[in-house]
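The residues of the chain are indexed from 1 along the displayed sequence.
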Amino acid sequence: MARNRRQLSGPGITFLFLALLLHFYSGKGDLQLNYYSESCPRAEEIIKQQVVNLYHKHGNTAVSWIRNLFHDCMVKSCDASLLLETARGVESEKLSSRSFGMRNFKYIDTIKKAVESECPQTVSCADIVVLSARDGFELLGGPYIEMKTGRRDSKESYTTVVEDSIPNHNDSMSLVLSRFQSIGIDAEGTVALLGAHSVGRVHCVNVVNRLYPTVDPTLDPEYAEYLKRRCPSPEPDPKAVQYARNDLETPMVLDNMYYRNILSHKGLLLVDQQLVSDPTTSPFVEKMADDNGYFHDQFSRALLLLSENNPLTGDDGEIRKDCRYVNV
């Protein structure tokens, strides 16, 4: 008996202590794969089903889900602060000029209601933002990405720092790179994430600076004429439906056609053209233009890093009942 006691007080106790320590550091306070496996086993399945249904009804929702993740996670944290409306002392981040053109927020409510009907106040809006982006990427032709969950929702918005966090389409490439670097995404990942411009469309408000009063000489002349037909006024109405598609050949496929286009001087935004001209980013542009698989790999890696930026976990934040408002 004495011998057994000595064994338990030595290596056995040490092993038990290390096991408990490991459990503590890998517990519910961290993001993890299949976080809802016990609390809401069908959570990811329900979200994907809703994303697919919405895609078949409104194909552009898949683009919106990816943009939601970018705008939410670049600002402070992946915490669904983006979704908050102006109410109860909160000023919505949607009011920022950086949010111009964003839409389909109402369909986040559709997804949330479907999840709430099975698991009330269990799945965060922040995780819905991330998982819908993942599933949207797959619907747009990308590979499936394993993503961790367990995020919680912010009780506040960060309107005052949105413009200091999200790069603008007219910013210098060095500033764009520094914004991404601040959250741990390198130049290669930045080039990949900007490949999201392969899908969707851009309002003329953000294009006309390259067309008027004179055409940007870096634009392909024939392409510039097409853009001027799409955007005939140097002062377009922000509320009018005046858009140009990012990619005319595969407009709803997130592929490397974007890089081929900008190498041919057919990028819509100034930031697109700067990817080609900047020596830090241009080698990655050429590599992604040559290899769609490489682009998808780098986009997946960067999207994963973005999705895990400073999340609220454990006892921080809350699980909102309604993604638009903090809980009362």
Evaluate side-chain contact (heavy atoms from CB on, under 4.5 Å) for N327 paired with Q121, printing each intermediate quantity in order. CA-CA 10 Å; N327 296 336; Q121 215 163 343; 3.3 Å; yes
Full working for side-chain contact (heavy atoms from CB on, under 4.5 Å) between F105 and K94: CA-CA 10 Å; F105 290 115; K94 299 173 191 176; 4.0 Å; yes
Pairing donors with acceptors under 3.5 angstrom, does anything connect the side chains of D135 and Y144? no
Under the side-chain contact (heavy atoms from CB on, under 4.5 Å) test against C125, which residue among D322, D153, I319 passes? D153
With no hydrogens and no angle check, just 3.5 Å: does a side-chain donor-acceptor pair link T250 and D255? yes
Just verifying a value: how many Å separate S64 OG and Y107 OH, rounded to the nearest 0.5 Å? 9.5 Å
Heavy-atom closest pair (L140 atom, A62 atom, distance to 0.1 Å) is CG-CB, 3.8 Å
E308 with R151: basic N within carboxylate O range, under 4.0 Å: no
How long is the straight-line distance from CG of L95 back to OG1 of T86, given to the nearest 0.5 Å? 4.0 Å
Would a distance-only check, ignoring hydrogens and angles, find a side-chain to backbone donor-acceptor pair under 3.5 Å from S99 to M102? no
In terms of side-chain heavy atoms, does H197 have a donor or acceptor partner in D272 at a distance below 3.5 Å? yes
Atom CG in N261, atom OG in S198: separation rounded to 0.5 Å? 8.0 Å
Shortest non-hydrogen contact from V176 toward P167: CG2-CB, 3.9 Å
Which atoms form the tightest heavy-atom contact between C323 and D109, and what is the distance? CB-OD1, 4.5 Å
Check the pair L303, M147 against side-chain contact (heavy atoms from CB on, under 4.5 Å), reporting the backbone distance first and the verdict last. CA-CA 10 Å; L303 198 70; M147 282 188 165; 4.0 Å; yes
Contact check, side chains of T281 and L275, non-hydrogen atoms, under 4.5 Å: yes
Do the side chains of R98 and E93 get close enough for a salt bridge, i.e. N-O under 4.0 angstrom? no
Would you say H203's side chain and A244's backbone share a donor-acceptor pair under 3.5 angstrom? no
To the nearest 0.5 Å, what is the distance between CG (N246) and OH (Y258)? 8.0 Å
Any side-chain heavy-atom pair of M252 and V63 under 4.5 Å: yes
Between L304 and F295, is there shared hydrophobic-cluster membership here, with clusters defined by ILVMFWY side-chain heavy atoms closer than 4.5 Å? yes
When you compare the side chains of S157 and E91, does any donor N or O come within less than 3.5 Å of an acceptor on the partner? no
Between V191 and V199, is there shared hydrophobic-cluster membership here, with clusters defined by ILVMFWY side-chain heavy atoms closer than 4.5 Å? yes
Check G293 against D291 and note the closest heavy-atom contact, atom names and distance. N-OD1, 3.0 Å
Can you see whether R210 engages T218 through a side-chain donor-acceptor pair at a distance of less than 3.5 angstrom? yes
Check whether any side-chain heavy atom of V162 lies under 4.5 Å from a side-chain heavy atom of L82, and answer yes or no. no
Between the side chains of K239 and D237, is the shortest nitrogen-to-carboxylate-oxygen separation below 4.0 Å, so that they form an ion pair? no
Determine yes or no for a side-chain-to-main-chain donor-acceptor pair under 3.5 angstrom, with R152 supplying the side chain and D316 the backbone. yes
Evaluate side-chain hydrogen bond (donor to acceptor under 3.5 Å, both in side chains) for D297 paired with S300, printing each intermediate quantity in order. CA-CA 5 Å; D297 287 345; S300 300; 5.6 Å; no
Cluster check V75, F70: I/L/V/M/F/W/Y, side chain < 4.5 angstrom: yes
Does the Q274 side chain pair with the main chain of M173, one donor and one acceptor, at a distance under 3.5 Å? yes
Apply side-chain contact (heavy atoms from CB on, under 4.5 Å) to residues Y259 and V276 and explain how you reach the verdict. CA-CA 9 Å; Y259 303 99; V276 177; over 6 Å; no
Minimum-distance pair of heavy atoms, taken over all atoms of T122 and C40: CG2-CB, 4.1 Å
Are Y243 and V208 joined in one hydrophobic group, where the rule is that I, L, V, M, F, W and Y side chains link up if heavy atoms are under 4.5 Å apart? no
With E118, the salt bridge (charged side-chain N to carboxylate O under 4.0 Å, His left out) member among K113, K112, R42: R42
Okay, side chain of R320, backbone of S154: is any donor-acceptor separation there less than 3.5 Å? yes
Spell out, as yes or no, whether a donor-acceptor pair under 3.5 Å connects the side chain of D79 to the backbone of P311. no
Is there a side-chain hydrogen bond (donor to acceptor under 3.5 Å, both in side chains) between Y294 and E188 once you walk through the steps? CA-CA 11 Å; Y294 164 69; E188 188 175 26; 2.4 Å; yes
So that I can tick it off, tell me whether R134 and E44 are bridged by a salt bridge, with the cut-off set at under 4.0 angstrom between side-chain N and carboxylate O. yes
Are V161 and L83 connected in a single hydrophobic cluster, I mean Ile/Leu/Val/Met/Phe/Trp/Tyr linked by side-chain heavy atoms less than 4.5 Å apart? yes
N-O pairing of R301 and D186 below 4.0 Å: yes
Nearest-0.5 Å distance, CE of residue M74 to CG of residue D164: 11.5 Å
Pairwise distance CD1(I128) to OG1(T149) - rounded to 0.5 angstrom: 11.5 Å
Would D127 and Y36 count as a side-chain hydrogen bond (donor to acceptor under 3.5 Å, both in side chains) if you check the C-alpha gap in whole Å, the side-chain angles of each, and the deciding distance to 0.1 Å? CA-CA 10 Å; D127 279 338; Y36 299 107; 2.5 Å; yes
For G184 and L305 the tightest heavy-atom approach is O-CD1, 3.9 Å
